[in-house]
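First up is the structure itself, then whatever we jot down about it.
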Amino acid sequence: MRDIKSAGTAENVDPGALFDFSRLRRSPDVEAPNLFAFDATDKLILTEAAGALAVRSDGPAEADGEQIVPDGGMRAPYAGSTVAVVGDRYGALTLPVVSTGGGNVRVHQDLMAGERALDRNAAELGLSGRFRRFPLGKELFDGVSVVLWQLPKSMAELAETADQIARYARPDVRIFAGGRIKHMTMAMNALLQDSFGEVHAGLARQKSRVLTAAEPIRPTEEPAFPARQYHQELGLWVCAYGATFAGPRLDIGTRYLLEFIDRMKPDAQHAVDLGCGSGVISAVLANARPQITVTATDQSAAAVASAAATAEANGLSHRICTVQDDAMAGFPTGSAELILLNPPFHLGTTVHAGAAVRLFDAAARVLAPGGELWTVYNNHLHYRTQLQERIGPTTVQARNQKFTVALSSRS
Ligand SMILES: C[S@@+](CC[C@H](N)C(=O)[O-])C[C@H]1O[C@@H](n2cnc3c(N)ncnc32)[C@H](O)[C@@H]1O
């Protein structure tokens with residue numbers, strides 16, 4: 001791995017002196033004393049990228065960057081580059097850049113709760129309209145010279161994003177990809193080296209580290225995503241973009257839930273696949289019941305795109321519609337006869353029951369009287385009481401060594 005000479009004076013810029021991170025909130029995402037709207041990684045990424053961010057980059061890619069001369073105020077440090085921000089949780093990367101003069105900032109967040117929190121934080125700070133949103137792809141990275149990136153947990157998401165940057169960004173793009181050290185592996189460096197000629201691991205600081213990368217290697221092949229896998233046991237294809245839970249594989253909890261599909265409200269005309277991921281549950285249900293229509297919904301853009309791809313791959317698009325939404329916020333109250341759920345147990349990298357409970361509350365609101373919620377969960381989670389309190393009478397339908405399948409009827 002070769003080092004990258006960074007432009008500017010990265011080491012002199014203290015993001016905490018430029019931007020009041022304590023004003024950021026996670027809302028409408030779950031808020032709790034042990035959950036934070038920013039972390040040391042955000043600040044380290046901004047510190048490491050400060051030199052590159054201060055270089056004007058609207059000219060041809062081959063030209064040397066023009067260093068912006070600080071004017072003595074706080075506005076110069078992040079003023080120059082066309083920037084893509086990827087994986088920002090609640091605005092701790094985007095908002096410091098736009099608040100200190102960053103004029104051309106493009107943002108991609110996979111999760112809708114993160115998008116809504118960023119919008120809310122931007123409004124609170126008078127920074128609305130200072131950045132633009134794009135899906136992962138050409139529009140996001142075309143002409144970009146700096147990428148600020150909160151590294152994802154999943155290697156597939158890392159590979160997909162690295163491919164897209166290398167495919168579309170400027171040849172002189174610099175990537176600043178940070179994470180918590182406990183979630184980083186050497187495999188991440190190796191994966192980045194497939195897409196970039198230069199990759200360098202920075203020093204650890206406050207349990208975080210930033211990988212810098214440059215010299216994109218333009219891929220010559222078509223993108224590998226969505227990944228596709230044929231499942232003999234289901235007789236179905238499953239498709240998945242990088243950020244999708246379990247990828248194109250079948251989660252073992254999901255497999256268990258699917259064993260009970262025939263018992264789920266047999267007369268239902270319509271069902272909701274809540275937290276649809278790849279859309280595998282929607283596809284199995286639609287395939288098993290030729291009359292039913294299914295709404296597959298998830299807060300993840302990648303999941304919703306995957307569910308659409310899965311429906312398409314199995315010729316089921318006419319009976320499966322996809323909706324990106326945070327906990328069915330836009331669904332009418334009392335509108336669903338049947339909801340199927342394999343709930344999340346993580347909020348970002350933190351294991352937290354709040355993510356599942358939010359979906360139970362959402363199901364309680366959206367289910368029609370007499371409607372059914374079928375949930376699968378790890379035995380140790382003891383969700384039955386929560387389901388009973390929030391939805392209505394809840395019975396355990398089956399339990400194996402690892403998972404419980406519960407049926408809750410809306411009272
Ligand atoms: C355990 S995965 C299950 C995925 C898929 N149903 C399966 O069985 O493979 C949970 C899913 O819930 C989604 N999710 C988490 N919080 C959500 C929210 N607030 N609104 C909608 N979906 C959410 C996640 O993005 C993830 O795809």
Side-chain angles (χ1 to χ4, degrees), residues 26-31 35 87 89 109-117 152-154 156-157 226-227 229 231 234 236-261 264 271-286 294-311 320 322-331 336 339-366 373-378 381 383 402-403 405:
R26 295 168 53 99
S27 168
D29 207 348
V30 178
E31 298 202 296
L35 298 172
R89 307 274 157 71
Q109 295 168 283
D110 184 57
L111 301 181
M112 200 170 220
E115 287 188 348
R116 289 170 63 197
K153 276 187 298 182
S154 121
E157 187 175 356
Q229 190 174 326
H231 293 267
L234 305 176
L236 291 168
W237 286 96
V238 177
C239 305
Y241 287 91
T244 310
F245 168 82
R249 295 172 300 281
L250 185 58
D251 172 65
I252 47 173
T254 306
R255 175 183 281 127
Y256 194 44
L257 179 66
L258 291 174
E259 285 182 24
F260 304 93
I261 210 130
M264 298 174 186
V272 177
D273 176 3
L274 175 56
C276 64
S278 64
V280 60
I281 293 176
S282 300
V284 171
L285 188 62
V294 185
T295 300
T297 182
D298 202 294
Q299 71 148 329
S300 154
V304 169
S306 303
T310 295
I320 297 174
T322 55
V323 179
Q324 189 186 3
D325 199 354
D326 177 19
M328 298 191 292
F331 287 48
I339 299 179
L340 281 65
L341 174 63
N342 176 3
F345 45 89
H346 281 103
L347 280 166
T349 49
T350 311
V351 175
H352 198 283
V357 169
R358 265 189 93 211
L359 296 190
F360 299 162
D361 285 337
R365 185 184 68 77
V366 171
L373 171 68
W374 285 75
T375 310
V376 64
Y377 51 88
N378 275 69
L381 289 169
Y383 280 152
K402 217 161 170 206
F403 297 102
V405 170

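Just follow the structure's listing: the first ligand is 1, and inside any ligand the first atom is 1. Heavy-atom basis, side chains included; hydrogens, waters and symmetry copies ignored. Quick caveat: nothing in here was measured; it's all calculated off a predicted structure.
- Considering both main-chain and side-chain atoms, Thr254 comes within under 3.5 Å of ligand 1 through a nitrogen or oxygen pair.
- Close contacts of ligand 1 with Phe245, meaning ligand atoms under 4.0 Å from a residue heavy atom, involve 1 (C), 2 (S), 3 (C), 4 (C), 9 (O).
- Interface atoms of ligand 1 facing Gly277, defined by a heavy-atom separation under 4.0 Å, are 4 (C), 5 (C), 27 (O).
- For the pair Val280 and His231, the minimum side-chain heavy-atom distance is 4.5 Å or more.
- Below 30°, between 30° and 60°, or above 60°: for Trp374 and Phe260 the angle between ring planes is below 30°, a parallel geometry.
- Nearest heavy atom pair, residue Pro28 against residue Asp326, reads CG-OD2, 4.4 Å.
- Looking at Thr297 next to ligand 1, no N or O pair under 3.5 Å apart turns up.
- At a 3.5 angstrom cut-off on N or O pairs, Leu111 does not count as close to ligand 1.
- Listed by number with element, the atoms of ligand 1 under 4.0 Å from a non-hydrogen atom of Asp325 are 20 (N), 21 (C).
- By the 4.0 Å heavy-atom criterion, Cys276 is counted among the residues contacting ligand 1.
- When Met328, Arg358, Arg255, Gln299 are ranked by how near their heavy atoms come to atom 17 (C) of ligand 1, first place goes to Gln299.
- Residue contacts with ligand 1: Asp251 is placed with no nitrogen or oxygen under 3.5 Å of a nitrogen or oxygen of the ligand (distance criterion only).
- Listed by number with element, the atoms of ligand 1 under 4.0 Å from a non-hydrogen atom of Ile281 are 6 (N), 8 (O).
- Side-chain contact between Thr297 and Val304 is absent, with no heavy-atom pair separated by less than 4.5 Å.
- Geometrically, ligand 1 and Ala303 share no nitrogen or oxygen pair separated by less than 3.5 Å.
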